[in-house]
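The figures here come from the full heavy-atom set of this structure, side chains too, leaving out hydrogens, waters and symmetry mates. Numbered from 1 within each chain, the chains take letters A, B, ... in sequence-line order.
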Number of protein chains: 2
Amino acid sequence: MTADALMASLERAGHRVTTPRRVVAQLVADREGHFTAGDLVDDARRRHTGIGRATAFRTLELFTELGLVERVDLPSGSHAYVACEPVHHHHAICTSCGRALDVAEAGLGPALDGIARRLDFQITSHRLEVFGVCAACRRGATR
Amino acid sequence: MTADALMASLERAGHRVTTPRRVVAQLVADREGHFTAGDLVDDARRRHTGIGRATAFRTLELFTELGLVERVDLPSGSHAYVACEPVHHHHAICTSCGRALDVAEAGLGPALDGIARRLDFQITSHRLEVFGVCAACRRGATR
DNA sequence: ATGTTATTGATACTGTGTCTCATATGAACG
DNA sequence: CGTTCATATGAGACACAGTATCAATAACAT
Ligand SMILES: [Zn+2]
Ligand SMILES: [Zn+2]
Ligand SMILES: [Zn+2]
Ligand SMILES: [Zn+2]
């Protein structure tokens, strides 16, 4: 996901294209794997962009609403984000390198149907998070 | 899950049986559906138990470690807990009444295997959260 | 260029969750 | 029982995460 693509989606949705937002978009695009709002704020300060804390949070929220970025809840309890395509899918998160692989819906349907039927529960949304070690990390060291 | 059962498990695990912990166990047992640490602290104050904030958090953490209580991440982003059996399972959370129904692993295995194979990803843990409306809430009103 | 409106950033504020440390108290032992 | 000592407690300080306020600024349609 490139910074330009993020800005384009944002404009398409009728939001203003501003410099601070462009900066945040670039920070997001430059991130590998998941990151927290705090990480982004730190990036912003480190690079001496003049981005305020509030703006970082607000822009991240905006991207999330537009589905350009998705929030994942790490086992640690902190809220992280990953840039991803705006279609329903899940994430396989590598606990070693932090990268998030996209997981297509993939056979979850029947399992969900079963749950709905057995519990007489009307499912409106669901969230699956898979944690483990990616192929790259299993070979090379922690890198 | 009764307060006594919570305390018994706690003792079995070699922890001290103390009055504050008994109180927290009771508060947990009295809760229907999910609750946050803050909710519990409020309960404690409201009932004029002398439980300190730190103790509520600590006891909740202890119960969680022992698997007597499980943490769920609500879509809102807040961390909630539900009392439940110490075996692997998931939760169907009613967005109307807040109750959490236990969901057996049920049919998730094949889907996970598929993910692991397709992504060449070694899964070490996973989390599924299902949100929707329970049978009771679909009939009666919001109750 | 101008006016309207959305956006920004500093700052203050509301939580959450953790840490420290002096005090209290379970439980094991005699 | 009373003694002993590791554990647990609670007050309060702390470290963050996230939100609200508001005057100043910048987009963008005209
Ligand atoms: Zn990896
Ligand atoms: Zn899905
Ligand atoms: Zn459960
Ligand atoms: Zn319900």
Side-chain angles (χ1 to χ4, degrees), chain A residues 6-28 34-66 69 71-81, chain B residues 3-4 6-28 34-66 68-81:
Chain A
L6 289 170
M7 294 313 284
S9 297
L10 194 149
E11 181 165 28
R12 211 174 315 123
H15 294 277
R16 288 191 182 172
V17 173
T18 69
T19 306
R21 283 177 177 164
R22 227 187 313 263
V23 172
V24 173
Q26 189 59 58
L27 293 177
V28 169
H34 56 72
F35 56 89
T36 65
D39 290 336
L40 224 61
V41 173
D42 291 344
D43 286 356
R45 195 181 344 267
R46 204 171 309 115
R47 297 198 197 175
H48 303 96
T49 72
I51 306 303
R53 224 169 86 82
T55 300
F57 275 88
R58 282 190 288 235
T59 307
L60 212 38
E61 181 187 20
L62 186 54
F63 286 163
T64 305
E65 273 167 19
L66 298 180
V69 148
R71 216 186 64 205
V72 296
D73 295 301
L74 302 183
S76 72
S78 48
H79 297 151
Y81 298 83
Chain B
D4 286 342
L6 289 170
M7 293 314 281
S9 297
L10 194 151
E11 181 164 30
R12 211 174 314 124
H15 294 277
R16 286 194 182 168
V17 174
T18 69
T19 307
R21 283 177 177 165
R22 229 186 312 262
V23 172
V24 173
Q26 189 60 58
L27 293 176
V28 170
H34 58 71
F35 55 88
T36 66
D39 290 337
L40 224 60
V41 173
D42 291 344
D43 286 356
R45 194 181 345 263
R46 203 171 309 116
R47 296 200 197 174
H48 303 95
T49 72
I51 306 303
R53 225 167 80 84
T55 300
F57 276 88
R58 283 190 288 236
T59 307
L60 211 39
E61 182 187 20
L62 187 53
F63 286 164
T64 305
E65 274 167 17
L66 298 179
L68 307 170
V69 149
E70 201 163 306
R71 215 186 64 204
V72 296
D73 295 301
L74 302 183
S76 72
S78 49
H79 298 152
Y81 298 83

request  = Round to the nearest Å and state the distance from B:E65 atom CD to D:dA8 atom P.
outcome  = 11 Å
note = From CG of A:L40 across to P of D:dG18 the rounded distance in Å is 12 Å
query = Which atom names give the shortest non-hydrogen contact between A:A25 and A:M7, and what distance separates them?
reply = CB-SD, 3.8 Å
request  = Could you check which of D:dG10, C:dT18, D:dG18 has an atom nearest any side-chain atom of B:T55?
outcome  = D:dG10
task = Could you encode protein contacts along nucleotides 23-30 of chain D as a string, one character per nucleotide from 5' to 3', using B for base contact, S for sugar-phosphate-only contact and - for no contact, with a heavy-atom cut-off of under 4.0 Å?
result = ---BBS--
ask   = How close or far is atom P of D:dT19 from atom NE2 of A:H79, stated in whole angstroms?
value = 10 Å
request  = Whole angstrom is fine here: how far is it from CZ in B:F63 over to P in D:dA8?
outcome  = 12 Å
Stepwise side-chain contact (heavy atoms from CB on, under 4.5 Å) test for A:R47 and A:V23 = CA-CA 10 Å; A:R47 297 198 197 175; A:V23 172; over 6 Å; no
key: Interatomic distance, A:R71 CZ vs D:dA17 P [rounded to whole Å]   = 14 Å
inquiry  = Can you see if the side chain of B:R21 gets near the phosphate of D:dT9 - specifically, an N or O under 4.0 Å from OP1 or OP2?
reply    = yes
side-chain contact (heavy atoms from CB on, under 4.5 Å) evaluation trace for B:F35 with B:L60 = CA-CA 11 Å; B:F35 55 88; B:L60 211 39; 4.0 Å; yes
inquiry  = Need the bend value for the helix from C:dA1-D:dT30 to C:dG30-D:dC1: angle between end axes, 5 pairs each end, nearest 10°.
reply    = 40°
Atom pair distance, as rounded to whole Å: CG in A:D39 and C1' in D:dA17 = 12 Å
message = Run the side-chain hydrogen bond (donor to acceptor under 3.5 Å, both in side chains) test against B:R46 and tell me which residues pass, sequence neighbours left out.
response = B:D43
ask   = Which pairs with one or both residues in residues 55-66 of chain B pass side chain to side chain donor-acceptor pair (under 3.5 Å), sequence neighbours excluded?
value = none
task = Quick one: list whatever passes ring pair (Phe, Tyr, Trp, His ring centres under 6.0 Å) with B:H15, sequence neighbours left out.
result = none
request  = Look at the side chain of B:R58 and the base of D:dG10, then say whether one donor and one acceptor between them are separated by less than 3.5 Å.
outcome  = yes
ask   = Between the base of C:dG17 and the side chain of B:R53, is there a donor-acceptor distance below 3.5 Å?
value = yes
task = Kindly write out the residues that satisfy ring pair (Phe, Tyr, Trp, His ring centres under 6.0 Å) with A:H79, not counting sequence neighbours, or none if the list is empty.
result = B:H79
task = On DNA chain C, check which nucleotide each of A:G52 and B:E61 is closest to and give me the residue with the more 5' one.
result = A:G52
